[in-house]
Trainee: 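Following this message is one structure expressed as structure tokens.
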Amino acid sequence: GSGQLDLLIDPGEKKWHLYIGGYENEAVKVPDFFNPENSITMYPVSVTVDYGALKVVASAYFLLGNDIPGPPPINAAAANFFDISTSANAENRELLYCNGKSPANGTGVAFGASLTVKLEKEIKKKILFKKVTIVDIIVNGGAGFDNALLQYGPGTACQNGQSPHGLNNFRATGTIWGYIDVNGKVLGVRLPSIGVGALLQADIPNPSFFRAMVVLKFIKEWKFKFKIGDECGHPCSVADG
């Protein structure tokens, strides 16, 4: 496993935070203790169990302070399963410049955790002096959540330009997801892909955005989507650009 912790109290800059881990999209950066001109990227605290055909990865983060780089991105494995493109995900969640203006940090708390599992099982039998693969199955699955309650400065706007936003500039975001995906072959014949997953997202208030998605896979893929409202995305500063 691996993990990082950073505690900052800077009265001169009026900054403080406690970071236990960070976002997987490299948005959380802190000054190097030995060379403050350089920065260190904070990644989620993670533990990996790799035993034979089974691989399990658990990760988590907890951010508290007044310089949190916006809400967290959706987990990369979940984004891949639900076919949320990297570019679309980045535009709404990563620490990027939007419309030529700086991304806004928030004050508050952000936390999340995820668990992904991969099982690769191959069964071989000896038939007429030759080993033949009878079954070759790959199972991928995962579940997780991300939450944030952040207050942004009065000089901030949503990526769509809406300002003011939130409730007293407070915004709450949340994502919860889970999925399982099974692929494989029997005697060299590929089986139909089987999978199921559900994703729920909220970004509130003013504007408020809700999205639900259910994915079913069997021979072909069905997606059931439900979306209400407009997404604020990563709030940005309106003072520069």
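These figures come from a predicted structure and were not determined experimentally.
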Trainee: List in chain and number order the residues that pass ring pair (Phe, Tyr, Trp, His ring centres under 6.0 Å) with F62, two or more places apart in sequence or in another chain; answer none if no residue qualifies.
Mentor: none
Trainee: CD1/I9 to CH2/W16 distance, rounded to the nearest 0.5 angstrom?
Mentor: 9.0 Å
Trainee: Enumerate the side chain to side chain donor-acceptor pair (under 3.5 Å) contacts for residues 177-190, please, sequence neighbours excluded, ordered by first and then second residue.
Mentor: N183-S193
Trainee: Does the N169 side chain pair with the main chain of G153, one donor and one acceptor, at a distance under 3.5 Å?
Mentor: yes
Trainee: Would you mind checking if K121 and D136 are paired as a salt bridge, meaning a charged N to carboxylate O distance below 4.0 Å?
Mentor: no
Trainee: If you compare the SG positions of C158 and C232, is the separation below 2.5 angstrom?
Mentor: yes
Trainee: For the residue pair N206 / Q162, report whether a side-chain donor-acceptor contact shorter than 3.5 Å exists.
Mentor: yes
Trainee: Please collect all salt bridge (Lys or Arg N to Asp or Glu O under 4.0 Å) contacts where either partner lies in residues 1-23, sequence neighbours excluded, each pair once.
Mentor: none
Trainee: Under the salt bridge (Lys or Arg N to Asp or Glu O under 4.0 Å) definition, can you give me all pairs with a residue in residues 36-57, not counting sequence neighbours?
Mentor: none
Trainee: More than 12 heavy atoms of other residues, nucleotides or ligands under 6.0 Å from OH of Y51: yes or no?
Mentor: no
Trainee: Which pairs count as side chain to side chain donor-acceptor pair (under 3.5 Å) when at least one residue sits in residues 141-151, sequence neighbours excluded?
Mentor: Y61-D146
Trainee: Once you round to the nearest 0.5 Å, how far does OG of S208 lie from NE2 of H165?
Mentor: 12.5 Å
Trainee: Only pairs at least two apart or in different chains count here, so list each salt bridge (Lys or Arg N to Asp or Glu O under 4.0 Å) that has a residue in residues 105-119.
Mentor: K118-E120
